[in-house]
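On a predicted model such as this, the values are computed, not experimentally measured, just so you know.
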Amino acid sequence: MTEHAMPLHNTAQPMNLANPAATTNSTNAAHPATATNPAHPAMTGESVPNPRKTMRIGSLEFESPLFLAPMAGVSDQPFRVLCHEKGAAVVCMEMVSANAIKYGNKKTEAFVDISPDEHPVSMQLFGPDPETIALAARYLDHKPFDILDINMGCPMPKIVKNGEGSALMKDPHLAAAIVKAAVEATDRPVTVKIRAGFDEDHKNAPDLAKYLEDAGAAAIAVHGRTREQYYTGKADWDIIRKVKEAVSVPVIGNGDIMSREEAFRRMAETGCDGVMIGRAAEGNPWIFSGETPSIHDIKVMMKRHAALQIANKGDHFGVLQMRKHVAWYIKSIPGAAALRYAVNQTTSLEELNRLIDTIEE
């Protein structure tokens, strides 16, 4: 995944490691997430105001239009909590296989664990047919998610080969039937994440979006690349504009967003209602608030993140998971390569915190 540099200026406040809910931008399920801090002008040279004061999906209303994208191996519960606290309107969970739920795969339970400190949260399912999706939606009904999202954009070969993810873009009638089944199986708003199309010759996102809206989708997120592009090349934001023009439900754009200002600019250009941020949030949950962290802030955040990982996954696996996150957090810090090597050898929280403490402020 793409890494990015972070300017290091002291504007954010340190977090309380002893209290996971105590941060400058923490919210709860009764209070929509809000990104109130102004964007740092050094990021683009100018400040771009939020073009939307509120956004609504079904009965849910948000004061921020910025979403954390679902990312396998990244958007787990600890990371979602941190992004929520820094202003993400909705945090999206890692995608869950409806077939895995159907066949009783016990490993699935770890992917559907939701913290009270991350609402509003979107649960994302992927599956090949209406019956399997409906079964999974009913099975998960007791979980406290706020939105049910259907993945029709994953480009991975093993997913596409099974007729799931972006393969569904080739069959609009089946895609619509899956959405209709999900809507009938849950009382939560059902949204869909799609791509520009399956390949350059079949960029059918605007037409597919109409089918999905008619089937009951409450919002549609569009990644501006085709399945054949995977994550290469550039996202096509013009296709996102065309989807917005084609449907009346909210449209959330996704692809190549590297700053809060750029998200707002894309909204102004395309008319889309929100923006989903993925890789640019890795090591940078501040992207949702517009804060520019100091080195001290990054150190505090890494320790907080590690503590949440340990609490969620246990000592061994929690430390292993933190290795990639630390690499993202420290990318722009002097001596990052040597520190990254040392972190990749560590096996305990104490060792990890000691290495973090060696970073000069």
_Are the side chains of Y230 and P157 in contact, using a 4.5 Å heavy-atom criterion?_
yes

*Does a salt bridge link D113 with K143, judged by any charged N lying under 4.0 Å from a carboxylate O?*
no

*Can you check whether H305 and Y329 have ring centres sitting under 6.0 Å from each other?*
yes

*Are M93 and D76 side-chain neighbours, meaning at least one heavy-atom pair lies under 4.5 Å?*
no

*Go through the steps to decide whether N254 and K193 satisfy the test side-chain hydrogen bond (donor to acceptor under 3.5 Å, both in side chains), and finish with yes or no.*
CA-CA 10 Å; N254 176 226; K193 191 167 192 289; 3.1 Å; yes

*asked:* Under 4.0 Å between a side-chain nitrogen and a carboxylate oxygen: does that hold for R241 and E269?
replied: no

_NZ/NE/NH1/NH2 to OD/OE distance under 4.0 Å, K203 and E200_ = yes

_Ion pair R266/D256, N-O distance below 4.0 Å_ = no

*Is there a donor in the side chain of T232 and an acceptor in the side chain of Q229, or the other way round, less than 3.5 Å apart?*
no

*So R188 and D141, salt bridge (charged side-chain N to carboxylate O under 4.0 Å, His left out) or not? Walk me through it.*
CA-CA 9 Å; R188 264 64 73 91; D141 191 62; 3.2 Å; yes

*Is it true that K210 and D214 have a side-chain N and a carboxylate O under 4.0 angstrom from each other?*
no

*Would you please say whether a donor-acceptor pair under 3.5 Å links the side chains of H296 and E361?*
yes

*Cationic N near anionic O, under 4.0 Å, R265 to E261*: no

*asked:* Check R56 with D273, please: is the shortest side-chain N to carboxylate O separation under 4.0 Å?
replied: no

